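Have a look at the structure below, then the notes.
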Amino acid sequence: MDFTLSEEQHAFADSVRRFAEQHLAADRLARAHNPAFPFDVAQLMGKQGLLGIAMPAADGGQGGTLMDSIIAIEQVAAVCPRSADVVQAGNFGPIRTFAEYATKEQKERFLSDLLAGRKVISLCMTEPEAGSALTELRTSARQDGDDYLINGTKIFSTHSPNASLFLVYVRFGPGVGGIGSVLVERDAPGLTIGKPSALMGGEEWSQLYFEDCRIPAKNVLLGPGGFKKQISGFNVERLGNSARALAVGRHAFELAREHASTRVQFGRPLCEFQGLQWKFAELHLKLEAAQLLLYRAAAVRDDELPSAIDTALAKLACNQAGFDAANEAMQIMGGLGYSTEALAEYCMRRTRGWMIAGGSTEILKNRVAEHIFDRRFGQRRPQTLAAE
């Protein structure tokens with residue numbers, strides 16, 4: 001059992017850090033306050049080989065590992081937290097699901113632009129009446145000759161104001177077995193993209209309206225029965241979320257550590273006050289423990305996906321540790337931490353959002369409890385009560 005990175009992984013981490021210091025450090029503050037997807041950064045990362053890290057070389061990827069992708073997020077976030085979103089978009093979430101299950105023809109049409117950073121893909125799961133209860137989604141796909149007609153609406157889809165391609169969870173028929181996914185291009189007839197709305201973390205999303213939105217049958221990614229495959233792939237998305245939360249929390253922790261080392265009050269540096277020493281020690285403990293859970297979840301063979309329980313534990317730990325570190329960093333830094341002239345408040349806002357996105361902390365605790373008791377705890381209201 002080895003809890004350290006290999007020599008090759010250390011070398012990769014060093015190269016990513018050098019890239020980030022050279023290309024991303026200068027504009028990190030301005031980038032944090034710009035809600036638009038940073039395509040300039042994405043194209044730089046595409047040329048650097050930081051998109052599609054764990055995808056096969058035959059698909060245009062780098063042939064690396066899931067751990068390599070997590071290392072890239074960590075090193076980029078240490079320099080520019082906002083740019084870690086680009087590593088996420090190019091390695092986790094919908095692009096990973098797409099690369100896993102797309103046909104050769106679908107990959108030829110879409111993957112090269114995504115891996116070059118010229119375009120970005122958006123995952124469309126959540127609906128007005130289907131959030132954590134995802135299987136209650138209503139957006140439908142009905143075959144019409146050689147096409148499918150999509151009807152419904154999606155909300156809170158990451159990168160939706162800027163995406164060229166949408167991976168949309170749809171219902172082909174009743175029940176969980178009727179759920180699958182389709183690929184909808186931005187200019188598809190019948191798709192209306194609403195005006196952007198802002199989230200607390202600074203990101204924007206647009207509501208998507210599908211009104212007899214016509215797509216060719218070749219744009220079906222996973223047909224009926226594809227839901228379980230999609231959710232298994234979503235565990236990778238959750239590890240990307242976890243890695244960002246932890247890395248952005250560490251960024252704030254380092255800001256606060258530097259501040260406490262140099263800021264003098266009452267005639268001595270802040271780090272000499274025991275109250276702050278204990279605070280830093282507690283945060284360090286949380287960050288290190290979460291790091292180990294994250295690495296354990298990511299340490300899978302190339303042909304495996306992370307397990308549900310390891311992913312749930314890692315996301316819970318990383319979300320909480322990242323937020324606690326960013327929130328306390330803001331407090332330690334006082335007025336500067338609360339100011340938009342520093343990144344501590346940005347880190348706090350971003351890490352707070354990831355406790356909701358990608359599976360809320362409450363839902364993940366339910367999954368952990370099911371593992372502990374080796375049984376399923378249904379969350380839906382019993383039918384007899386509903387009838388009453």
Side-chain angles (χ1 to χ4, degrees), residues 5-24 37-102 107 110-121 123 158-159 165 167 232-248 291 294-306 311 314-315 318 358:
L5 298 179
S6 68
E7 184 176 337
E8 184 178 348
Q9 288 169 331
H10 275 297
F12 176 64
D14 290 343
S15 70
V16 176
R17 178 67 72 97
R18 289 194 300 272
F19 164 81
E21 292 284 3
Q22 181 180 352
H23 296 286
L24 307 176
F37 184 78
F39 283 103
D40 57 334
V41 172
Q43 290 175 42
L44 279 174
M45 288 187 178
K47 293 176 182 176
Q48 188 70 14
L50 295 179
L51 307 182
I53 292 171
M55 295 178 195
D59 290 336
Q62 303 302 311
T65 65
L66 178 57
M67 183 69 79
D68 294 331
S69 302
I70 287 172
I71 290 170
I73 280 188
E74 291 175 343
Q75 296 303 317
V76 169
V79 176
C80 176
R82 175 69 170 110
S83 293
D85 294 345
V86 180
V87 184
Q88 165 82 12
N91 292 280
F92 299 89
I95 195 170
R96 178 68 182 244
T97 304
F98 175 83
E100 189 80 22
Y101 298 116
K107 291 178 181 180
F110 300 119
L111 199 51
S112 61
D113 280 340
L114 296 174
L115 294 180
R118 291 187 291 269
K119 294 182 179 180
V120 67
I121 184 172
L123 178 63
T158 303
H159 307 311
L165 184 66
L167 196 165
S232 294
F234 195 62
N235 284 331
V236 178
E237 155 77 11
R238 285 175 168 164
L239 289 189
N241 173 307
S242 306
R244 268 191 304 173
L246 190 64
V248 170
Q291 185 92 66
L294 173 61
Y295 282 5
R296 185 179 74 171
V300 294
R301 296 197 308 264
D302 292 347
D303 60 343
E304 290 182 334
L305 291 171
T311 300
K315 187 175 186 299
C318 291

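Computed from a prediction, not measured in an experiment: that's the story for all the values here.
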message: When you measure from the side chain of D14 to the backbone of A11, do you find a donor-acceptor pair of N or O atoms at a distance under 3.5 Å?
response: no

message: Between N91 (side chain only) and I53 (backbone N and O only), is there a donor and an acceptor less than 3.5 Å apart?
response: yes

- prompt: Using 30° and 60° as the class limits, which term best fits the ring planes of H23 and F19: parallel, tilted or perpendicular?
  reply: tilted

- prompt: Only one of K315, R96, Q88 forms a side-chain hydrogen bond (donor to acceptor under 3.5 Å, both in side chains) with E237, so which one is it?
  reply: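 Considering K315, R96, Q88, a side-chain hydrogen bond (donor to acceptor under 3.5 Å, both in side chains) with E237 is found only for Q88.
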
[X] versus [Y]: any side-chain heavy-atom pair under 4.5 Å?
X    : Y    : result
V86  : V120 : no
V16  : I71  : no
F92  : L66  : yes
K107 : F98  : yes
H159 : I121 : no

Where [X] and [Y] come nearest, the two heavy atoms and their spacing:
X    : Y    : value
G61  : L115 : N-CD1, 4.1 Å
N235 : T311 : O-CG2, 3.5 Å
L24  : V79  : C-CG1, 4.5 Å
F39  : G117 : CD2-O, 3.4 Å
V248 : P81  : CG2-CB, 4.1 Å
V87  : I73  : CG1-CG1, 3.5 Å

Mind checking the [atom1]-[atom2] spacing from [X] to [Y]? Nearest 0.5 Å is all I need.
X    : Y    : atom1 : atom2 : result
I95  : M55  : CD1   : CE    : 4.0 Å
S69  : Q62  : OG    : CD    : 10.0 Å
R238 : L294 : CZ    : CG    : 14.5 Å
L50  : F12  : CG    : CZ    : 5.5 Å
E21  : C80  : CD    : SG    : 10.5 Å

- prompt: What residue pairs, at least two apart or across chains, pass side chain to side chain donor-acceptor pair (under 3.5 Å) with a residue in residues 72-85?
  reply: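 Those involving residues 72-85 are R17-Q75, E74-Q291, E74-Y295, R82-D85, D85-R244, D85-R350.
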
